[in-house]
Protein chains: 2
Amino acid sequence: MATALEITDVSAATCGTSLVREPLSTADAEQLAATLKALADPTRLRLLSIVAASEGQEACVCDLTEPSGVSQPTVSHHLKVLTDAGFLSRSKRGTWAYYRLEPAGLERVAQLVALP
Amino acid sequence: MATALEITDVSAATCGTSLVREPLSTADAEQLAATLKALADPTRLRLLSIVAASEGQEACVCDLTEPSGVSQPTVSHHLKVLTDAGFLSRSKRGTWAYYRLEPAGLERVAQLVALP
């Protein structure tokens with residue numbers, strides 16, 4: 001319950017925050033830097049783009065190892081970072097985990113960098 | 001001359017690159033991760049937002065130390081990272097350096113995260 005409330009608070013604090021409208025508060029800057037750090041890795045950018053370009057913007061973890069060119073544990077680690085940061089959601093069906101693009105994650109970054 | 005050509009090449013390779021249209025190439029992912037890393041720091045996000053919210057989207061380095069809450073050498077280091085990544089440009093007038101927002105830097109990130 002406490003965790004759910006924290007997540008809601010963070011999302012409310014940074015939703016629609018723009019870099020160019022007014023100086024960012026320290027709290028917003030910390031939160032947005034953490035979100036951008038999750039994105040600022042070449043393997044994670046490639047994984048996210050592969051999921052986003054897949055049918056239904058969803059992919060099985062079993063189909064991500066080969067095109068990403070890294071080992072399965074490394075893929076799983078990077079997918080967890082992207083999921084924790086709100087760029088992907090995860091669901092399990094049978095043996096495999098499936099990852100789906102969460103457009104709200106990219107939208108938050110788009111709002112941050114949007115010019116007036 | 002070699003440097004100028006390199007910069008042109010990198011810019012051409014990543015201009016208009018989108019995460020959600022097709023899987024990113026390894027080269028594009030490396031370049032975009034480096035750009036995002038320059039942005040993914042709370043002090044740099046605050047400095048960039050202060051410059052962007054200033055009159056003419058330009059600020060003297062002498063006016064950035066106090067609102068950013070870090071030392072002048074730290075401010076200078078972060079401004080250099082933002083300038084090298086294409087988010088700011090720098091000009092010297094008299095004693096002081098002035099930093100201006102370069103909208104093309106943020107536009108490149110906006111294109112990366114744009115949804116179809």
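Here the structure is a predicted model, which is why all the values come from computation and not from measurement. In what follows, chains are A, B, ... by sequence order, proteins preceding strands, each numbered from 1. Keep in mind that the numbers below use all heavy atoms, side chains included, and drop hydrogens, waters and symmetry copies.
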**Request:** Report, by ascending residue number, the residues of residues 48-77 of chain A in heavy-atom contact with chain B at a distance under 4.5 Å; give 'none' if the set is empty.
**Result:** A:Leu48, A:Ser49, A:Ile50, A:Ala52, A:Ala53
**Message:** At a 4.5 Å cut-off on heavy atoms, which part of A:Ala114 comes close to chain B: side chain, backbone, both, or neither?
**Reply:** neither
**Asked** Which heavy-atom pair separates A:Leu115 from B:Glu107 by the least distance, and what is that distance?
**Response** CD1-OE2, 3.2 Å
**Complete:** Within residues 98-106 of chain B, the residues sitting under 4.5 Å from chain A by heavy atom, in sequence order, are B:Leu101, B:Pro103, B:Leu106
Return all side-chain donor-acceptor pairs below 3.5 angstrom for residues 80-87 of chain A, not counting sequence neighbours, or 'none' if the list is empty.
from: A:Lys80; atom 1: NZ; to: A:Asp84; atom 2: OD2; distance (Å): 2.7
from: A:Thr83; atom 1: OG1; to: A:Leu79; atom 2: O; distance (Å): 2.7

**Asked** What residue in B:Val113, B:Thr43, B:Val109 has the most heavy-atom pairs under 4.5 Å with chain A?
**Response** B:Val113
**Message:** Distance check, rounded to the nearest 0.5 Å: A:Leu45 atom CG versus B:Thr17 atom OG1?
**Reply:** 10.5 Å
**Request:** For chain B, find its close neighbours in residues 33-42 of chain A: heavy-atom separation under 4.5 Å, sorted by number, or none.
**Result:** A:Ala33, A:Leu36, A:Lys37, A:Leu39, A:Ala40, A:Asp41, A:Pro42
**Item:** Heavy-atom proximity to chain A below 4.5 Å, by part of B:Thr26
**Value:** both
